[in-house]
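Before any comments, here is the structure.
Each ligand, and each atom within it, is numbered from 1 in the order the structure gives. Just so you know, these numbers use all the heavy atoms, side chains as well, and skip hydrogens, waters and symmetry mates.
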Amino acid sequence: MIKALLTGHSRGLGTAIADALLARGIPLLALARSGNPQLCSAHPDLLQEVSLDFSDTPSLQAWLHTPALRDFFADAESALLINNAGLLQPVGLVGEADATAIAHAVAVNVTAPLLLTNAFVATTRHCADRRVVHISSGAARSPYAGWSVYCATKAALDHQARAMAAEHLPGLRVASLAPGVVDTAMQAEIRASSVEQFPQKGRFEALKNSGQLTSPDKAAQRLVNYLLGPNFGDVVDGDLRHLPD
Ligand code: NAP
């Protein structure tokens, strides 16, 4: 049986990934601050939610010390971890950010996925097939003025994936994938930035106005097809739009 752990299922790309996994009958343990009542009522037997705030690292550590993960994966033969939860803020030039916002972003975008990945790998040693995917960003690979914290956190995920791939752990495959420009609340947040905070704001407005954003469902279907497919992990730091099916 395949089982999956997913973060950030409450909205956006995470909801669409959850939907795609649940539609395939894959039991899901889903972590975010908010729940997703619609998914819960559609899949009461497959979806378990845990409310966690990843900016509160001690709470996440405390949860990882409970038997929840071990119990969930106990009867799994294949195990998936999708580190999707993330945030864009603080947006603005270096020197203008609030220190708390920087620490918050690092906790959610880097500390939480690293802790979850470590716990996942430790808990799924009995699984013949284990797959970890980090939802990265083009911002991990191209510098964007105003997004230095976001760029740095996503680059950290890419490099964690490269290092973990180099360990060749039994049954483990990993990829850190940029999903493209996906039509979610995060894109609305980007368009709501000021030009002073984010000089490339106009480019993202133009993508939206010309209908070039990918729908969350399309990005999620592509991600889940690749995640479950035979080629997963061949490219460790890829772009979902350019991967083979
Ligand atoms: P979104 O709509 O803002 O959703 C973000 C998700 O992360 C939510 O489910 C949210 O759940 C969760 N999250 C945020 N802060 C959290 C916290 N403190 N603790 C636990 N969970 C938290 O964003 P999205 O566009 O779907 O983005 C999903 C992923 O794709 C992110 O990693 C993002 O960086 C990446 N990405 C997105 C795009 C894009 O164009 N949209 C492009 C490149 C990469 P709660 O609020 O319920 O906690």
Taking heavy atoms and a distance under 4.0 Å, where does [X] meet ligand 1: side chain, backbone, both or neither?
X	value
T7	neither
S136	backbone
E189	neither

- Message: Which residue is it: N84, N36, D217? I am looking for the one with a side chain to side chain donor-acceptor pair (under 3.5 Å) to T15.
- Response: N36
[Y] versus [X], side-chain donor and acceptor atoms under 3.5 Å:
X	Y	value
Q197	E96	no
S55	D53	yes
S176	D158	yes

- So does K208 pair up with D183, basic N to acidic O under 4.0 Å? yes
- Please work out which of the three classes, parallel, tilted or perpendicular, describes the rings of W147 and F198, given edges at 30° and 60°.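 Aromatic pair F198/W147 classed parallel.
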Protein contact to [atom] [nearest heavy atom, distance to 0.1 Å]:
atom	answer
atom 15 (N) of ligand 1	R33 NH2, 3.4 Å
atom 18 (N) of ligand 1	D53 OD1, 2.9 Å
atom 1 (P) of ligand 1	R11 NE, 3.5 Å
atom 45 (P) of ligand 1	S10 OG, 3.4 Å
atom 5 (C) of ligand 1	G86 O, 3.7 Å
atom 19 (N) of ligand 1	F54 N, 2.9 Å
atom 37 (C) of ligand 1	M186 SD, 4.0 Å
atom 25 (O) of ligand 1	T184 OG1, 2.5 Å

- Task: Compute the minimum heavy-atom distance from A178 to ligand 1 and say whether it is under 4.0 Å.
- Result: no
- Item | Qualifying residue for side chain to side chain contact (heavy atoms under 4.5 Å, CB included) with V50, from L5, L69, L31 | L31
- Heavy-atom check, side chain of Y226 versus side chain of V235, under 4.5 Å: yes
- State, with a plain yes or no, whether a side-chain heavy atom of F232 is found less than 4.5 Å away from one of V133. yes
Atoms in ligand 1 flagged as close to [X], the criterion being non-hydrogen separation under 4.0 Å:
X	value
Y150	33 (C), 34 (O), 35 (C), 36 (N), 43 (C), 44 (C)
G12	2 (O), 26 (O)
L52	19 (N), 20 (C)
L13	26 (O), 30 (O)
P179	36 (N), 42 (C), 43 (C), 44 (C)
Q187	39 (C), 40 (O)
V181	40 (O)

- Item | Enclosure of H126 NE2 (heavy-atom neighbours >12, cutoff 6.0 Å) |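 Enclosed.
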- For K218, look at atom NZ and say whether over 12 heavy atoms of other residues, nucleotides or ligands are found less than 6.0 Å away. no
- In short, R222 meets L240 closest at the heavy-atom pair NE-O, 3.0 Å
- Query: Considering only heavy atoms, which of V108, I135, N84 lies nearest to atom 32 (O) of ligand 1?
  - Reply: N84
- Query: For atom 42 (C) of ligand 1, which candidate among G180, A85, A219 provides the closest heavy atom?
  - Reply: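 Going through G180, A85, A219 one by one, G180 has the nearest heavy atom to atom 42 (C) of ligand 1.
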- G8-ligand 1 polar pair, N/O distance under 3.5 Å: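 The answer is yes, given that G8 and ligand 1 share an N or O pair closer than 3.5 Å.
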- Option among D71, D129, D75 that satisfies the salt bridge (charged side-chain N to carboxylate O under 4.0 Å, His left out) test with K3: D75
